Protein chains: 2
Amino acid sequence: MNQPIAAVPLPKAYRLLNHGPTVLVSGRQGGTDNVMAAAWCCALDFSPPKLTVVLDKATKTRELIEHSGMFVIQVPTVAQAWMTNEVGSHSLREQPAKLARSGVELFAMEGFDLPFVAGCSAWLACKLIPEPHNQQTYDLFIGEVTAAWADTRVFSDGHWHFETADPALRSLHHIAGGHFYAIGDAVSGTAAKV
Amino acid sequence: MNQPIAAVPLPKAYRLLNHGPTVLVSGRQGGTDNVMAAAWCCALDFSPPKLTVVLDKATKTRELIEHSGMFVIQVPTVAQAWMTNEVGSHSLREQPAKLARSGVELFAMEGFDLPFVAGCSAWLACKLIPEPHNQQTYDLFIGEVTAAWADTRVFSDGHWHFETADPALRSLHHIAGGHFYAIGDAVSGTAAKV
């Protein structure tokens, strides 16, 4: 782990997800860590920041989160496309060595008993807001973001810098079957109408 | 309106949103049409396809949808960045001529009493699944997609073709304050680990 990481003020945390990246969801419970990929994760509120994430009943990560009430949402990069697809394609239930085989390196954040995935561009520590009806009916989980961080090479001062950062740090946007698009060029919506 | 539009089979409809684009939400009720922008829209299920969208209580579009129980989610393009920012920055409540001033052109789809925004790359007609607790507590709305279509220049045979289509047809991914990123290059997650 040799990344320049800085805290992101909570009122700016929604910006880490606002462009709709595919994320990694990680959880810890009873000595077990796991990481899965999720394309269906979305900001839900600004302050306090909240988010939604869809967690299928078959996933081990969901079980960990239901028990611990905590999880991390992190934004993987183009450099992590293979790993992201791997952790999204295999379950810890069938592949106990999943994390090692997928090349996942975990690290700790002081004060958080949660597994953070190294090499990502952003991390959001979340507390589950229990909503049993949503969880059972829709596999829909709501989290309140309690802390956030980003790799300062690509997100600083409340802004993404995809234009100037290493393209390997761009976010991934999954379509299907391991086929992603990276985030692309900046586009202004405030320039005069053409 | 002179776009090549084809129906998207419902089991593939989630792919229209899977990469996390900013969307336009439109609704119709009692002779009033409205369109707003929403960055917080996300797929929720494959089959039948469902989605979530966050609609602030201040928006007129939310009121239309609460009354009619129907709405359209559509994917705007780079060519529509200014319009997308405009309809996301003004309310019909304060600006009765909002749609005309924003350059929104609406069109009809046979069999649907809903306003569709011309020039987008994809459209999903939705039926509201009433969840009063989510709507009141989180501004979170759930829709079931009942039909979907795409501009065949950029989405056909169940796949986006951003690599080869006109860059003006790429999706928009809002960060904040009218600053978007376009979707970028294709990235494979199944290529051998490097």
Side-chain angles (χ1 to χ4, degrees), chain A residues 12 14-15 17-22 37 39-45 50 52 54 78-79 81-86 88-89 103 131 133-134 137-140 142 158-160 162-163 167 170-194, chain B residues 12 14-15 17-22 37 39-45 50 52 54 78-79 81-86 88-89 103 131 133-134 137-140 142 158-160 162-163 167 170-194:
Chain A
K12 299 280 172 70
Y14 77 93
R15 296 185 182 184
L17 297 178
N18 220 63
H19 59 307
T22 291
W40 299 353
C41 177
C42 192
L44 177 65
D45 208 347
K50 297 189 192 77
T52 56
V54 178
V78 163
W82 185 85
M83 179 266 273
T84 300
N85 192 53
E86 281 293 297
S89 306
E131 289 284 2
H133 169 68
N134 286 336
T137 308
Y138 302 111
D139 297 335
L140 179 68
I142 296 177
H159 297 281
W160 287 103
F162 293 121
E163 304 90 320
R170 289 183 182 236
S171 54
L172 294 166
H173 301 253
H174 191 240
I175 302 295
H179 177 62
F180 299 88
Y181 287 95
I183 199 66
D185 296 336
V187 177
S188 171
T190 57
K193 189 182 174 187
V194 289
Chain B
K12 299 281 173 70
Y14 77 94
R15 297 184 180 184
L17 296 178
N18 220 63
H19 60 306
T22 293
W40 299 353
C41 178
C42 192
L44 176 67
D45 208 347
K50 298 189 192 78
T52 55
V54 178
V78 163
W82 183 86
M83 180 265 274
T84 300
N85 191 55
E86 281 292 299
S89 306
E131 288 285 1
H133 170 68
N134 286 335
T137 306
Y138 303 110
D139 296 336
L140 179 67
I142 297 178
H159 297 281
W160 287 105
F162 293 122
E163 303 91 320
R170 290 185 180 234
S171 53
L172 295 166
H173 301 252
H174 191 239
I175 304 294
H179 177 63
F180 299 89
Y181 287 96
I183 199 68
D185 296 336
V187 177
S188 172
T190 58
K193 190 182 173 185
V194 288

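The sequence lines fix the lettering, A, B, ..., with proteins before strands; numbering per chain opens at 1. Keep in mind that what you see is a predicted model, and the values were worked out from it rather than measured.
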Heavy-atom distances under 4.5 Å only: say whether [X] touches chain A with side chain, backbone, both or neither.
{"X": "Ile142(B)", "value": "side chain"}
{"X": "Lys50(B)", "value": "side chain"}
{"X": "Tyr14(B)", "value": "side chain"}
{"X": "His133(B)", "value": "side chain"}

Atom pair [atom1]/[atom2] of [X] and [Y] - distance to nearest 0.5 Å:
{"X": "Asp185(B)", "Y": "Ile183(A)", "atom1": "CG", "atom2": "CD1", "answer": "11.0 Å"}
{"X": "Tyr181(B)", "Y": "Ser171(A)", "atom1": "OH", "atom2": "OG", "answer": "9.0 Å"}
{"X": "Ile175(B)", "Y": "Trp160(A)", "atom1": "CD1", "atom2": "CH2", "answer": "7.5 Å"}
{"X": "Asn134(A)", "Y": "Leu140(B)", "atom1": "CG", "atom2": "CG", "answer": "7.0 Å"}

Is it the side chain or the backbone of [X] that comes within 4.5 Å of chain B heavy atoms, both, or neither?
{"X": "Asp139(A)", "value": "neither"}
{"X": "Glu86(A)", "value": "neither"}
{"X": "Leu172(A)", "value": "side chain"}

If you count heavy-atom pairs under 4.5 Å between each of Ala81(B), Gly178(B), Ala43(B) and chain A, which one has the most?
-> Ala43(B)
Specify which of Met83(B), His159(B), Glu163(B) makes the most heavy-atom pairs with chain A at under 4.5 Å.
-> Glu163(B)
Sort out for me which of Cys41(A), Ala186(A), Ala39(A) touches chain B most, counting heavy-atom pairs under 4.5 Å.
-> Ala186(A)
Pairs of heavy atoms under 4.5 Å with chain B: top-ranked of Thr84(A), Asp45(A), Thr137(A) | Asp45(A)
Between His19(B) and Phe180(A), is a side-chain contact (heavy atoms from CB on, under 4.5 Å) present by the stated rule, with each step listed?
-> CA-CA 8 Å; His19(B) 60 306; Phe180(A) 299 88; over 6 Å; no
Step-by-step side chain to side chain donor-acceptor pair (under 3.5 Å) determination, Asn18(A) to Trp40(B) | CA-CA 7 Å; Asn18(A) 220 63; Trp40(B) 299 353; 2.6 Å; yes
Is it true that His173(A) and His173(B) have ring centroids separated by less than 6.0 Å?
-> yes
Gly177(B) versus Thr190(A), closest heavy-atom pair with distance = O-CG2, 3.8 Å
